[in-house]
**Student:** 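Structure incoming, see below.
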Amino acid sequence: MNTLVVSTFSCSFYSFKKDVTELFLEDMRKEFVTAYEFMKVNEHKSHLLMYVTDLEKLGDAMANPVATEWDKKNNCNDTVYKIELIE
């Protein structure tokens with residue numbers, strides 16, 4: 001399932017991308033994310049496109065204590081969209 005995560009945060013985009021990739025996406029890739037791509041909107045906002053094979057596992061990963069603490073520390077807010085192809 002194609003998924004878009006729009007994130008705003010108080011840290012720099014570089015720090016955000018590095019932390020999210022190292023702390024979360026590497027493990028997600030092993031279990032339920034088959035591909036992803038970051039896009040910088042501005043220094044405090046990103047779009048993350050992912051192909052997710054299990055949305056429930058994504059929800060669990062985003063709600064785990066490490067993720068919620070990181071979000072709190074960096075004033076991160078995520079909005080997750082399921083993307084469907086229009087034919």
Side-chain angles (χ1 to χ4, degrees):
M1 169 125 346
N2 286 316
T3 307
L4 168 66
V5 181
V6 177
S7 301
T8 58
F9 38 86
S10 59
C11 60
S12 69
F13 174 79
Y14 173 80
S15 293
F16 175 81
K17 182 178 178 182
K18 181 180 180 298
D19 286 354
V20 169
T21 301
E22 291 175 3
L23 296 174
F24 307 110
L25 282 173
E26 288 181 7
D27 287 338
M28 290 178 183
R29 293 263 331 215
K30 295 174 188 170
E31 293 187 45
F32 58 90
V33 172
T34 59
Y36 68 91
E37 184 175 349
F38 270 102
M39 284 146 289
K40 179 179 179 179
V41 175
N42 62 45
E43 191 59 26
H44 301 289
K45 185 175 184 177
S46 77
H47 291 174
L48 173 57
L49 288 169
M50 297 186 291
Y51 191 83
V52 177
T53 58
D54 188 326
L55 288 175
E56 188 173 321
K57 285 184 180 180
L58 175 64
D60 291 345
M62 293 179 77
N64 83 42
V66 173
T68 55
E69 184 61 31
W70 190 96
D71 287 348
K72 184 178 176 182
K73 177 182 171 188
N74 293 282
N75 299 310
C76 182
N77 291 301
D78 298 315
T79 304
V80 180
Y81 298 92
K82 180 173 68 170
I83 301 173
E84 295 183 24
L85 178 64
I86 299 174
E87 297 185 54

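It should be emphasised that the depicted structure is a prediction, and the values quoted were computed from it without experimental measurement. Every heavy atom of this structure was used, including side-chain atoms; hydrogens, water molecules and symmetry mates were not.
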**Student:** Please tabulate, one pair per line, all N/O donor-acceptor pairs under 3.5 Å involving side-chain atoms of residues 63-74, not counting sequence neighbours.
**Tutor:**
from: N64; atom 1: OD1; to: V66; atom 2: N; distance (Å): 2.8
from: N64; atom 1: OD1; to: A67; atom 2: N; distance (Å): 2.8
from: N64; atom 1: ND2; to: A61; atom 2: O; distance (Å): 3.1
from: T68; atom 1: OG1; to: N64; atom 2: O; distance (Å): 3.2
from: T68; atom 1: OG1; to: P65; atom 2: O; distance (Å): 3.2
from: W70; atom 1: NE1; to: D19; atom 2: OD2; distance (Å): 3.0
from: N74; atom 1: ND2; to: W70; atom 2: O; distance (Å): 3.0

**Student:** How far does OG of S15 sit from CD of E43, to the nearest 0.5 angstrom?
**Tutor:**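 So the gap between those two atoms works out to 8.5 Å.
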**Student:** Walk me through whether K30 and D27 qualify under salt bridge (charged side-chain N to carboxylate O under 4.0 Å, His left out).
**Tutor:** CA-CA 5 Å; K30 295 174 188 170; D27 287 338; 3.7 Å; yes
**Student:** Report yes or no: do L48 and L23 belong to one cluster of Ile/Leu/Val/Met/Phe/Trp/Tyr joined by side chain heavy-atom distances under 4.5 Å?
**Tutor:** yes
**Student:** Out of curiosity, does V80 fall in the hydrophobic cluster containing V33 (side-chain heavy atoms, cut-off under 4.5 Å, transitive links)?
**Tutor:**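 Linked, V33 and V80 end up in one cluster.
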**Student:** Between V6 and M39, is there a shared hydrophobic cluster once you connect ILVMFWY residues whose side-chain heavy atoms come closer than 4.5 Å?
**Tutor:** yes
**Student:** Please say yes or no: joined through hydrophobic side-chain contacts below 4.5 Å, possibly via intermediate residues, are F24 and Y36 part of one cluster?
**Tutor:**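 As far as the 4.5 Å side-chain criterion goes, Y36 and F24 are connected within one cluster.
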**Student:** Kindly indicate, with the supporting measurements, whether the criterion side chain to side chain contact (heavy atoms under 4.5 Å, CB included) is fulfilled by E56 and F32.
**Tutor:** CA-CA 10 Å; E56 188 173 321; F32 58 90; over 6 Å; no
**Student:** Taking all heavy atoms of M50 and all of L58, pick out the closest pair and write down the distance.
**Tutor:** CE-CD1, 3.9 Å
**Student:** Evaluate N2 against L49 for side chain to side chain contact (heavy atoms under 4.5 Å, CB included), listing each step before the verdict.
**Tutor:** CA-CA 7 Å; N2 286 316; L49 288 169; over 6 Å; no
**Student:** Identify, with sequence neighbours excluded, every residue that meets side chain to side chain contact (heavy atoms under 4.5 Å, CB included) alongside K82.
**Tutor:**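 With neighbours one apart ignored, the set is M1, L55, E84.
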**Student:** How many angstroms lie between atom OH of Y81 and atom OG1 of T3, to the nearest 0.5 angstrom?
**Tutor:**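 Between atom OH of Y81 and atom OG1 of T3 there are 13.0 Å.
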**Student:** Taking all non-hydrogen atoms of both residues, which atom of T8 and which atom of K45 are closest, and how far apart?
**Tutor:** CG2-CG, 4.1 Å
**Student:** Taking ring pair (Phe, Tyr, Trp, His ring centres under 6.0 Å) as the definition, give me every residue that meets it alongside F9, ordered by chain and number, with sequence neighbours left out.
**Tutor:** F16
**Student:** Apply the side chain to side chain contact (heavy atoms under 4.5 Å, CB included) test between F13 and each candidate in H44, K40, K18; give the one that qualifies.
**Tutor:** K40
